[in-house]
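Only one structure is covered here, and it is reproduced in the block below.
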Amino acid sequence: MKIGVLALQGAVAEHIRSLEAAGAEAVAIKRVEQLDELHGLVIPGGESTTIGKLMRKYEFMDAIRQFSAQGKPLFGTCAGLIVLADRIDGNEEAHLKLMDMTVARNAFGRQRESFETDLDVKGIDEPIRAVFIRAPLIKEVGADVEVLSTYNDEIVTARQGTLLAASYHPELTDDFRLHAYFLEMVKEAAAAKA
Amino acid sequence: METGTSRVKRGMAEMQKGGVIMDVMNAEQAKVAEAAGATAVMALERVPSDIRAAGGVARMADPTIVEEVMKVVSIPVMAKARIGHYVEAKVLESMGVDYIDESEVLTPADEVFHISKNDFTIPFVCGAKDLGEALRRIQEGAAMLRTKGEPGTGNIVEAVRHLRLINGQIRKIQGLSKDELYNEAKLLGVAYDLLLDVHQTGKLPVVNFAAGGVATPSDAALMMHLGADGVFVGSGIFKSDSPEKFARAIVEATTHYQDYKLIAEVSKNLGTPMKGIEISKLNASERMQDRGI
């Protein structure tokens, strides 16, 4: 199973390490042509404004929408979650508009309010350690979106079919279960196609 | 729920990787930087080349400037405190600045001691020109490093020297035996545990950006080629002829640092970069990199 990590800006190496630890082959993706060889794609944490601009500049918007339309799973963490969302709170233009949800950027405040905590995630047995860094929140979701976890009654992990989104950074810990969860989604998607 | 943990502080720097952090002096420049794709801005009263020109004591920026910048951008805002100036750093923290640069660009407040950065909830970035400095800053609590280079010169040679030296020293440390490591820790003036970590992992435990002399897209790409995790651009953008173009070009060259055709493309018709300074023309007292070792 070959998973790409969109490598325009952000914590790329950490996702590659986590995906490999969870049993996948992982590669950094800088060009749209590279998408063809993949079974799934991670959009990492970083600055969503920077990643969004570079995605437009290098024609990743339509390419990733097509990738998703082929039934190939996407996993967005932090900035990646913002990039997946259909709507961004405030006047900001949304990016991929694939997941039926409204997200708020920097929803917990500035860096001094950033934190880590134990978090229960539906489908994963024991809590995971979730690192929230100037993190976004999911303010509301459409009917097709399943909420996988909440923190203080706010949605922080969600899934819509082949799309997975987390407000926090599973790639910054040595716990690879959320990556393994995503790899299961990729396997299911491949099986469904076959 | 825990704030200000080492993972939260270092993680914030991880999210900046592959990005460009730009010096800005007002709200308008901050907006230009954000629109060009900067991953963060450094709010300053004067960029390093102006600090050089002005002389005198350089201090933390007027809080008004920092607040103004924080209001207009959604990306992280950094600000500089003088080396060893605990109170300037606490003032910046109280304002909600996202990252503090304990910086040799400002006139040091303490010639012996750096700020005890572990006492803060917000993270710090510090400059280093060799592995000893790098690990001492990490020991004090720095969550991110950058080369010192020679700020405000538009001359990349010192940043290259510092990054090459640090990476060369790391390779050397990897090859040492345990007993040699004890002695090396003594020679470098660093804790053995930190050095052992470098020996085992072959890398620094925090992100290391290039800074101090980046003036062109090719300069930024060169630093990435040499192993920098990202780039700080100080005077290079707003002291150039066309800041918007320069800013965008440096962002793209940093992302695609191995795509030379692309770098050629973004480097076309940029106008004049900042006027540089030959390092050998500087007096010893003008070398910012020798501050805070």
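Just so it is clear: chains get the letters A, B, ... in the order the sequence lines come, proteins before strands, and each one is counted from 1. Every value quoted in this text rests on a predicted model; they were computed, and no experiment measured them.
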**Prompt:** Tell me, do L8(A) and H256(B) make a side-chain contact under 4.5 Å, heavy atoms counted?
**Reply:** yes
Rounded distance (nearest 0.5 Å) linking atom [atom1] of [X] with atom [atom2] of [Y]:
X: T117(A); Y: M1(B); atom1: OG1; atom2: CE; value: 7.5 Å
X: T39(B); Y: I51(A); atom1: OG1; atom2: CD1; value: 10.0 Å
X: I122(B); Y: Q111(A); atom1: CD1; atom2: CD; value: 8.0 Å
X: E113(A); Y: T121(B); atom1: CD; atom2: OG1; value: 9.0 Å
X: E116(A); Y: R7(B); atom1: CD; atom2: CZ; value: 4.5 Å

Per-residue contact mode, [X] against chain B (heavy atom under 4.5 angstrom):
X: S48(A); result: neither
X: E171(A); result: side chain
X: T49(A); result: side chain
X: R134(A); result: side chain

When [options] are compared by non-hydrogen pairs under 4.5 Å with chain A, the top option:
options: T254(B), I75(B), V251(B); answer: I75(B)
options: M70(B), K9(B), R10(B); answer: M70(B)
options: A35(B), A38(B), G19(B); answer: A35(B)
options: A40(B), G4(B), P123(B); answer: P123(B)

Is [X] close to chain A through its backbone or its side chain, or both, or neither, when contacts mean heavy atoms under 4.5 Å?
X: A36(B); answer: backbone
X: V77(B); answer: both
X: D229(B); answer: neither

**Asked** Which of the residues E92(A), K30(A), E47(A), R31(A) is involved in the greatest number of heavy-atom pairs with chain B at under 4.5 angstrom?
**Response** E47(A)
**Prompt:** Going through the checks in order, is the side chain to side chain contact (heavy atoms under 4.5 Å, CB included) test met by H169(A) and E14(B)?
**Reply:** CA-CA 11 Å; H169(A) 295 285; E14(B) 303 282 354; over 6 Å; no
**Message:** Check this for me: does any side-chain nitrogen of one of K57(A) and E252(B) sit under 4.0 Å from a carboxylate oxygen of the other?
**Reply:** yes
**Prompt:** If you measure from the Lys or Arg side-chain nitrogens to the Asp or Glu carboxylate oxygens, is any gap between E34(B) and K53(A) under 4.0 Å?
**Reply:** no
**Request:** For R112(A) and S94(B), indicate whether the former's side chain and the latter's backbone hold a donor-acceptor pair under 3.5 Å.
**Result:** yes
Neighbour count >12 (heavy atoms, 6.0 Å) for atom [atom1], [X]:
X: E28(B); atom1: CD; answer: no
X: K31(B); atom1: NZ; answer: no
X: E59(A); atom1: CD; answer: no
X: E2(B); atom1: CD; answer: yes
X: E154(A); atom1: CD; answer: yes
X: K122(A); atom1: NZ; answer: no

**Asked** Any idea which heavy atoms bring T255(B) and A7(A) closest together, and the distance?
**Response** CG2-O, 4.4 Å
**Complete:** Correct closest heavy-atom pair for T3(B) and F115(A) would be CG2-CB, 4.0 Å
**Chi angles and distances behind the side chain to side chain contact (heavy atoms under 4.5 Å, CB included) call for V20(B), T50(A)** = CA-CA 9 Å; V20(B) 181; T50(A) 306; over 6 Å; no
**Item:** Worked verdict on E93(B) versus R110(A) for salt bridge (charged side-chain N to carboxylate O under 4.0 Å, His left out)
**Value:** CA-CA 11 Å; E93(B) 181 177 54; R110(A) 305 197 70 96; over 6 Å; no
**Request:** Applying side chain to side chain contact (heavy atoms under 4.5 Å, CB included), run through L172(A) and M15(B) and close with a yes or a no.
**Result:** CA-CA 10 Å; L172(A) 290 183; M15(B) 297 311 138; 3.9 Å; yes
**Request:** Classify the side-chain pair R105(A)/S74(B) by whether it contains a donor and acceptor separated by less than 3.5 Å.
**Result:** yes
**Test side chain to side chain contact (heavy atoms under 4.5 Å, CB included) applied to L262(B) and Y58(A), step by step** = CA-CA 11 Å; L262(B) 183 144; Y58(A) 298 109; 3.4 Å; yes
